[in-house]
Number of protein chains: 2
Amino acid sequence: MTSKDPRAGALARLAALAADETRAACLLALLDGRAWTAGELARHCGVAASTLSEHLGKLVGGGLLTEERQGRHRYVRLADARVAQLVEDLTAQLSPDAAEPPRGLRQSGAGSAMARGRTCYDHLAGRLGIAVTDALTARGLLRQDTGFALTDAGLDWFGALGVNLDGRGRRPLARACLDWTERRPHLAGAAGAALCRHLLERGWCVRIGSGRAVKVTGTGEQALTDLLGIDTAALR
Amino acid sequence: MTSKDPRAGALARLAALAADETRAACLLALLDGRAWTAGELARHCGVAASTLSEHLGKLVGGGLLTEERQGRHRYVRLADARVAQLVEDLTAQLSPDAAEPPRGLRQSGAGSAMARGRTCYDHLAGRLGIAVTDALTARGLLRQDTGFALTDAGLDWFGALGVNLDGRGRRPLARACLDWTERRPHLAGAAGAALCRHLLERGWCVRIGSGRAVKVTGTGEQALTDLLGIDTAALR
DNA sequence: CGCACGGTTCGGCGGTCGCCGAACCGTTCC
DNA sequence: GGAACGGTTCGGCGACCGCCGAACCGTGCG
């Protein structure tokens with residue numbers, strides 16, 4: 001408690017924000033990239049509204065969340081992509097040694113929809129995210145062997161698609177995010193986010209209900225086949 | 001506390017390991033990549049040996065540290081590069097908003113040696129790390145604009161240098177690590193580690209005392225100039 | 001052998017933290 | 001205006017956690 005490293009206190013304070021099961025559950029839920037109300041999160045976590053209110057205070061105060069008040073609602077979301085990336089990295093740390101077997105075909109309901117395709121903060125995950133990443137790699141648009149980066153051909157491909165990749169702040173263009181169900185890296189970063197947004201805007205994917213699960217539409221299947229040669233049968 | 005996400009508990013447990021100032025100080029100290037004894041860490045953190053013993057138990061039990069017992073000593077180090085990466089990412093999360101001004105020329109003693117050059121777990125950081133990263137990028141061996149990856153020319157360059165990049169597990173070859181003093185990304189990952197090891201083996205860099213600070217030797221200056229065109233004057 | 005030393009275990013102390021229910025405040029809708 | 005509702009504040013309770021010193025164990029050295 002004498003000298004130590006001046007960063008130690010700050011690091012501990014940051015980690016403490018995620019070191020509670022309820023707050024951790026909030027962060028994971030918010031990985032879908034959307035804004036939740038305090039009440040929704042309280043119900044999701046199974047705690048009293050008052051309890052969750054205090055948790056939100058800490059998370060917002062710690063800079064992990066931003067809030068937006070509308071009438072009698074308090075909407076809260078992850079502060080930025082950096083926070084989302086951090087939460088992803090933390091959960092990724094857990095997967096390799098988690099004894100959990102590759103999860104069979106249990107929970108075939110909402111679970112399998114999530115496994116087929118979902119959003120992870122602002123990019124695609126699940127089998128859909130993996131399929132897109134693999135297709136990009138196979139076509140020489142993305143390189144994974146020397147890091148995780150778009151190729152020049154990849155930049156052109158995004159341009160031809162009409163996706164604008166400029167104006168991203170200091171956020172890396174391509175980044176690997178470890179998929180939670182597939183245990184394989186998929187495309188995140190500014191390019192992953194832009195691509196996900198593009199698919200949703202074009203109606204190639206739609207969100208299922210209010211969750212983070214997404215499904216490929218008919219026109220989406222056609223587009224993914226034409227653009228990337230993806231066999232969409234496995235995504236149905 | 002009812003359903004939540006099954007990952008929430010695991011995430012909270014992981015974060016809790018870093019959520020204590022003393023344990024955080026240990027993790028930061030161990031970022032130098034070397035093995036410390038329990039006593040060294042206790043003195044470094046300013047707590048009783050018994051207290052630190054308990055902390056080590058948790059960190060080892062949590063898989064963040066591995067231990068190696070020799071005689072009456074207990075040597076402990078970060079478990080692997082994944083853990084180091086995680087700690088780096090967490091500290092990087094803090095730097096952008098930390099009000100700390102770009103730290104003037106205070107602590108000109110050991111501090112400035114650290115700013116000149118140091119190791120960050122197993123790769124180079126400080127001005128030296130930045131200089132190497134910039135030089136690699138300027139020479140077209142590393143691309144940062146589309147992610148963070150070696151180019152084909154970069155692969156060749158490493159090969160010509162006699163650095164073997166095979167045999168890395170699932171660890172990414174190139175990865176960006178945010179520098180703590182310079183606030184800029186530098187090369188980490190398997191390539192960064194291999195390069196750092198190479199510089200030390202060839203005697204181009206040597207460790208200063210027992211810390212993580214390193215300095216470039218005379219032959220090292222010549223080599224860095226020849227190989228990468230680095231102006232080593234700024235590193236003295 | 002005996003002492004010094006590094007590390008661990010244990011009991012106990014004090015502070016923090018997460019949780020709840022009750023009271024309260026502001027918005028929305030009837 | 002009144003009722004319903006989302007959210008916040010507050011007091012209090014129980015659990016957990018980090019810290020220490022003392023006792024203990026094993027290694028290494030004189």
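Fair warning: this is a prediction, and the values are worked out from it, not measured in the lab.
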Specify the separation, in whole Å, of atom CZ of B:Arg13 and atom C1' of D:dC17. 16 Å
Does the pair A:Asp122/A:Arg171 count as a salt bridge with the N-to-O cut at 4.0 Å? yes
How many whole angstroms separate atom CG of B:Leu56 from atom P of C:dT8? 7 Å
Phosphate-side-chain proximity, A:Arg23 and C:dG18, N/O vs OP1/OP2 below 4.0 Å: yes
Does a salt bridge link A:Asp89 with B:Arg82, judged by any charged N lying under 4.0 Å from a carboxylate O? no
Less than 4.5 Å apart, any side-chain heavy atom of A:Arg207 and any of A:Thr119? yes
Whole-Å distance, A:His55 NE2 to D:dG7 P, equals 15 Å
Distance in angstrom units between A:His73 NE2 and D:dC5 P, rounded: 12 Å
For A:Arg74 and D:dT8, is the shortest distance between a side-chain N/O and OP1 or OP2 below 4.0 Å? yes
Output all residues satisfying salt bridge (Lys or Arg N to Asp or Glu O under 4.0 Å) with B:Arg74, sequence neighbours left out; order by chain, then residue number. B:Glu67
When rounded to whole Å, the CH2 to C1' distance for the pair A:Trp36 and D:dG6 reads 17 Å
Nucleotide C:dG7, atom C1' - distance to CG of B:Leu65 in whole Å: 16 Å
For A:Leu165 against A:Leu173, the heavy-atom pair lying closest together: CD1-CD2, 4.1 Å
C:dT8 phosphate, OP1 or OP2: any side-chain N/O from B:Arg69 under 4.0 angstrom? yes
Rounded to the Å, how far apart are B:Glu68 CD and C:dG7 P? 14 Å
Salt bridge (charged side-chain N to carboxylate O under 4.0 Å, His left out) pairs touching residues 6-18 of chain A, sequence neighbours excluded, are A:Asp5-A:Arg7
With respect to A:Asp179, which candidate in A:Arg184, A:Arg118, A:Arg127 satisfies the salt bridge (Lys or Arg N to Asp or Glu O under 4.0 Å) definition? A:Arg118
N/O to N/O distances under 3.5 Å, protein versus nucleotides 9-14 of chain D:
{"from": "D:dC10", "atom 1": "N4", "to": "A:Glu54", "atom 2": "OE2", "distance (Å)": "3.4"}

Aromatic plane relationship, A:His123 with A:His186 - under 30° parallel, 30 to 60° tilted, over 60° perpendicular: tilted
When you check every protein heavy atom under 4.0 Å of nucleotides 23-30 of chain D, what one-letter string (B, S, -) results, 5' to 3'? ---BBS--
Given C:dC17, is OP1 or OP2 found less than 4.0 Å from the side-chain N or O atoms of A:Lys58? no
Looking at A:Lys215 and A:Glu221, is any side-chain nitrogen of the basic one under 4.0 Å from a carboxylate oxygen of the acidic one? no
In this structure, how many angstroms lie between the P atom of D:dC5 and the CD atom of A:Glu40, rounded? 16 Å
Is there a side-chain contact between B:Leu78 and B:Asp80 (heavy atoms, below 4.5 Å)? no
Salt bridge (charged side-chain N to carboxylate O under 4.0 Å, His left out) contacts in which one or both residues fall within residues 191-203 of chain B, not counting sequence neighbours: none
Plane angle bin for A:Trp36 and A:His44 - parallel if under 30°, tilted between 30 and 60°, otherwise perpendicular: perpendicular
Which atoms of nucleotides 14-16 of chain C (N or O only) lie under 3.5 Å from a protein N or O atom, and what are those distances?
none

